[in-house]
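Proteins get letters first, then strands, A, B, ... in listed order; numbering begins at 1 in each.
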Amino acid sequence: MELKLYDTLTREKRLFRPLDPNNVRIYVCGPTVYDFAHIGNARPVIVFDVLFRLLRHLYGADHVTYVRNITDVDDKINARAAEEYPDLPLNEAIRKVTEQTDKQFHEDVAALGALPPTVEPRATEHIAEMRILIERLVASGNAYVAEDNVLFSVPSMPDYGKLSKRPLDEMIAGARVDVAPYKRDPMDFVLWKPSKPGEPAWPSPAGIKAPGRPGWHIECSAMSWKHLGETFDIHGGGIDLVFPHHENEIAQSRCVFHTPVMANFWMHNGFLQVEGEKMSKSLGNFVTIHDLLKDWPGEVIRLAMLQTHYRQPINWTVSGLREAQKTLDHWYGLTADTMPGYLCADAIEALADDLNTPKALAALHELRGEAAKGARPAAACLKASARLIGLLQQTPAQWSAFRPASLAVDESKVVGLIEARNAARRVKNFKESDRIRDELAKMGVVLKDTKDGTTWEIAR
RNA sequence: GGCCACGUGGCGGAGUGGUUACGCAACGGUCUGCAAAACCGUGUACCCCGGUUCAAUUCCGGGCGUGGCCUCCA
């Protein structure tokens, strides 16, 4: 099986060959823990979880190292901490914010069916590595000290800008006005900066006396180095990170290690809109994973996400969720008493073609059709293949027990009405039974009469 | 303004230089006391304008539209 992946750096789909098939190494930029993760944050989590699962399938579960970091030092965290816990010392407030957010994030992504990464390094636990990288960059002339800051010298790297296709001269022409006066070049970016009183602070590198804290980009260079080495196979994240974050990571790591590449493949997931509009707090369409999970099973959210290829822009809609719910209801019904069988070759092949999940799902739909005609192997294959991408992980009972919070009904009342209706049906009082069914329908309850009795679900 | 993507039927969404994607919805049918579910069947497409070609939705150029980045943003 040949795996092809699209590489942002070369803008082409290429055959994937790991540096070491016994240890395939992938790094994905994780969250900054200061607020509930939103549906846009969920996209890279789900997309790269599918890639992780595929790599484990192709190279063996013990031969893939997946690193997804936690950014726990950042101005946004400091601001949130000061806002939420004004009475606490800042460092204590920060710890509260990061611990709570971190816990919530892990609950959310677990509910989305994402496997835990092999390593989840935290920025604050890699300050020593960051200092080493910074010292080396200063020594090699790629960075310099100015007013207790350490800055990366962009002109010291001739091919800076390759990833985002931004030639240096154009960027300088378009650079913003408020450039810090101590920068030698407007494009230079911060590796280390002095901490204000009360802010998190560590001993500074490069002979700087004042304590300080790291800039944003250096943490990923440090953590990927520590856990994956100087170069590795795949680096992923949202497309918005291409510039400046990934461009700067590349500059730091390549200049420190004198390597031609930092990672062999750069993968970026596309952006997300909500009901056709940009997601923003001011528009009131800011969807957090936490809120979504109250109304939809995690697998519905996962499937809705995978209905679109990861590089395409995705329009996040309720109708998309409904469609995913319906598909999974159907699949669970058909595979309820089936053990997982062989994996579907068409689905694997689609996934191996740059993670073409819509095409893989189409293959599963075909299996669905065969299974519906009574083909047991097709049902077994559907179950195994869906599980590979993190779907059909629950028991049928768990699946059908889910109730959306915002469409809550009084269950005992529903059960009582159903019993009354069935009593009427037994004496062929269909006028009364239909009246009760209409009453339930008004409550949003849809009935299904089967040989084994009447079941019900919430209409969406 | 500069750079980078994207634009397929009512909706979602693959793919291809000439042959059915697929799913949802819709419509017809089977089943059902009636429904629902399920099953069977059916329809509508490739933003616009040029060019290349025997042939373009697919390649090239231009336009229009949408989005992203250029600022800490997944």
Side-chain angles (χ1 to χ4, degrees), chain A residues 8 11 28-32 34-35 37-48 71 74-79 161 163-167 169-171 173-178 187 189-190 215-217 236-245 247 268-273 276-280 303-304 306-309 311-317 319-327 329-330 333-334 346 350 353 356-366 368-369 372-374 424-425 428-431 433-434 437-438 440-441 445-451 454-457 459:
Chain A
T8 307
R11 315 268 160 166
V28 173
C29 290
T32 300
Y34 74 104
D35 200 359
H38 56 70
I39 189 62
N41 301 111
R43 193 169 191 191
V45 169
I46 292 169
V47 163
F48 290 107
T71 297
D74 181 276
D75 286 340
K76 289 194 294 291
I77 297 173
N78 300 351
L163 182 71
S164 55
K165 281 193 170 176
R166 283 160 204 260
D169 48 349
E170 281 182 26
M171 277 190 289
R176 297 292 159 131
V177 274
D178 52 340
M187 289 305 301
F189 58 91
V190 169
W216 174 35
H217 316 294
I239 196 161
D240 57 310
L241 295 178
V242 171
F243 189 89
H245 184 52
E247 200 72 77
H268 295 95
N269 61 271
F271 239 59
L272 172 146
Q273 285 189 292
E277 289 187 303
K278 185 186 169 100
M279 179 169 70
S280 73
L303 177 56
L306 297 179
Q307 278 167 341
T308 303
H309 181 85
R311 281 193 279 121
Q312 290 286 104
I314 188 171
N315 185 17
W316 189 258
T317 61
S319 73
L321 287 163
R322 283 200 197 103
E323 195 175 319
Q325 172 84 50
K326 192 155 187 167
T327 299
D329 282 341
H330 208 162
L334 272 171
D346 286 349
D353 182 12
N356 192 336
T357 52
K359 200 174 181 183
L361 292 170
L364 299 195
H365 283 305
E366 283 193 25
R368 188 281 312 265
K373 293 187 186 105
R425 291 173 72 215
K428 300 211 186 297
N429 183 353
F430 294 125
K431 197 179 170 192
S433 70
D434 288 352
R437 192 180 60 211
D438 291 346
L440 283 162
V445 172
V446 178
L447 301 182
K448 287 184 212 175
D449 295 326
T450 72
K451 309 170 273 306
T454 301
T455 63
W456 61 281
E457 62 187 39

Do A/L241 and A/C29 have side chains that get closer than 4.5 Å, going by heavy atoms?
-> yes

Going by purine N1 to pyrimidine N3 plus the second Watson-Crick contact, or the G-U wobble pair, all under 3.5 Å, which nucleotide sits opposite [N]?
N: B/U19; answer: none
N: B/G1; answer: B/C70
N: B/C27; answer: B/G41

Measure all distances between protein nitrogen or oxygen atoms and nitrogen or oxygen atoms of nucleotides 6-9 of chain B, and list the pairs falling under 3.5 Å.
none

Using a 4.0 Å heavy-atom cut-off across all strands, classify [X] as base, sugar-phosphate, or nothing.
X: A/L272; value: base
X: A/G40; value: base
X: A/P31; value: nothing
X: A/R437; value: base
X: A/K428; value: nothing
X: A/L447; value: base
X: A/T450; value: nothing
X: A/D434; value: base

When you match A/H309 and A/D75 each to their closest nucleotide on RNA chain B, which lands nearer the 5' end?
->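 Final value for this comparison: A/H309.
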
Is the phosphate of B/G68, meaning OP1 or OP2, less than 4.0 Å from a side-chain N or O of A/K278?
->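 The answer is yes; a side-chain N or O of A/K278 sits under 4.0 Å from OP1 or OP2.
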
Tell me whether the OP1 or OP2 atom of B/G13 has a side-chain N or O from A/T308 closer than 4.0 Å.
-> yes

Where the side chain of A/R11 is concerned, which of B/A14, B/C4, B/C34 is the nearest nucleotide?
->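 Among B/A14, B/C4, B/C34, the one nearest the side chain of A/R11 is B/C4.
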
Would you please name every residue forming a side chain to side chain contact (heavy atoms under 4.5 Å, CB included) with A/Q325, sequence neighbours left out?
-> A/W296, A/P297, A/V300, A/D329, A/W399, A/R460

Summarise how protein sits on nucleotides 19-28 of chain B as a single string, 5' to 3': B when a protein heavy atom is under 4.0 Å from the base, S for sugar-phosphate-only contact, - for no contact.
-> --BSBSS---

So does A/D449 reach the base of B/C34 with its side chain, donor to acceptor, closer than 3.5 Å?
->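 Under the 3.5 Å cut-off, the side chain and the base do form a donor-acceptor pair.
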
Whole-Å gap separating P (B/A14) and CG (A/D346) |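 The answer, rounded to whole Å, is 18 Å.
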
Ring stacking, A/F271 with base of B/G67, under 5.5 Å and under 30°?
->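 One would not call A/F271 stacked on the B/G67 base.
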
